[in-house]
Amino acid sequence: MDIPLIAGTVATVVFAVSNLPMVRKALRTRDVSSYSLSSIGMINGANAVYSLYVFSLPVGPIWALHTFYLVSCAIMLVLCVSQRRSAARRSRLGDQPDREEPGTGSPRPRVAASPSAN
């Protein structure tokens, strides 16, 4: 029984399972506005450099853990960039996103401006 291998495997599974809800919610809602684009960018850069070290090690749990981390952080980066681009596009076009009706979670319907009576 190889204790370090078992510990690495258990830690990999726990880490991946604990991060799945965050990634699942980000993919489902496409809302990553609370995440810092510069932070996610730096994390992805660090992951790329750290990959040089991790993938020089023998195949093991660290490969699975790092691969999961690479993929989940890359997904978050793609979602962050695409959300920022669409927000910039909307602001250029003067289009405002629907605001939620307070307390309902439903978008507030847009109301056409009524002609003023003179």
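Since we're looking at a predicted model, the values are computed, not measured.
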Testing the basics here: between A26 and L79, what is the closest heavy-atom pair and its distance to 0.1 Å?
O-CD1, 3.5 Å
Given the rule that I, L, V, M, F, W and Y join up when any side-chain heavy atoms are under 4.5 Å apart, are M76 and L27 in one cluster?
yes
Enter the distance from I62:CD1 to L5:CG here, rounded to the nearest 0.5 Å.
12.0 Å
Residue pair V32 / R84: nearest heavy atoms and the distance that separates them:
O-NH1, 4.1 Å
Report the distance from atom CG of L70 to atom CZ of F68, rounding to the nearest 0.5 Å.
11.0 Å
Using only atom types and a distance under 3.5 Å, with no angle test, would you say the side chain of N44 pairs donor to acceptor with the backbone of A46?
no
Cluster check V78, Y35: I/L/V/M/F/W/Y, side chain < 4.5 angstrom:
no
What distance do K25 atom NZ and L20 atom CG have between them, rounded to the nearest 0.5 Å?
15.0 Å
Rounded to the nearest 0.5 Å, the CZ atom of R85 sits from the CZ atom of R90 at a distance of 14.5 Å
Would you call L77 and L37 a side-chain contact if the rule is heavy atoms closer than 4.5 Å?
yes
Going only through I, L, V, M, F, W and Y residues with side-chain contacts under 4.5 Å, is there a path from V59 to L65?
yes
Could you walk me through whether V54 and T67 pass the side chain to side chain contact (heavy atoms under 4.5 Å, CB included) test, one step at a time?
CA-CA 10 Å; V54 169; T67 300; over 6 Å; no
Can you list the steps and then say if C73 with N47 is a side chain to side chain contact (heavy atoms under 4.5 Å, CB included)?
CA-CA 9 Å; C73 289; N47 277 339; 3.8 Å; yes
I'd like to know if the side chain of S39 reaches the main chain of S36, judged simply by a donor and an acceptor atom lying under 3.5 Å from each other, with no hydrogens or angles considered.
no
Same cluster or not: I75 versus M22, using hydrophobic residues (I, L, V, M, F, W, Y) connected whenever any side-chain heavy atoms lie under 4.5 Å apart?
yes
Which heavy atom of I40 sits nearest to which heavy atom of C80, and what is that distance?
CD1-SG, 3.9 Å
Cluster question for you: counting only ILVMFWY and a side-chain heavy-atom cut-off of under 4.5 Å, with indirect links fine, are F15 and Y53 together?
yes
Compute the ring centroids of Y50 and Y69, then answer whether they are less than 6.0 Å apart.
no
To the nearest 0.5 Å, how far apart are NE2 in H66 and CG in L57?
10.5 Å
Closest non-hydrogen atoms of A64 and T12, given as atom of the first, atom of the second and distance, are CB-CG2, 4.1 Å
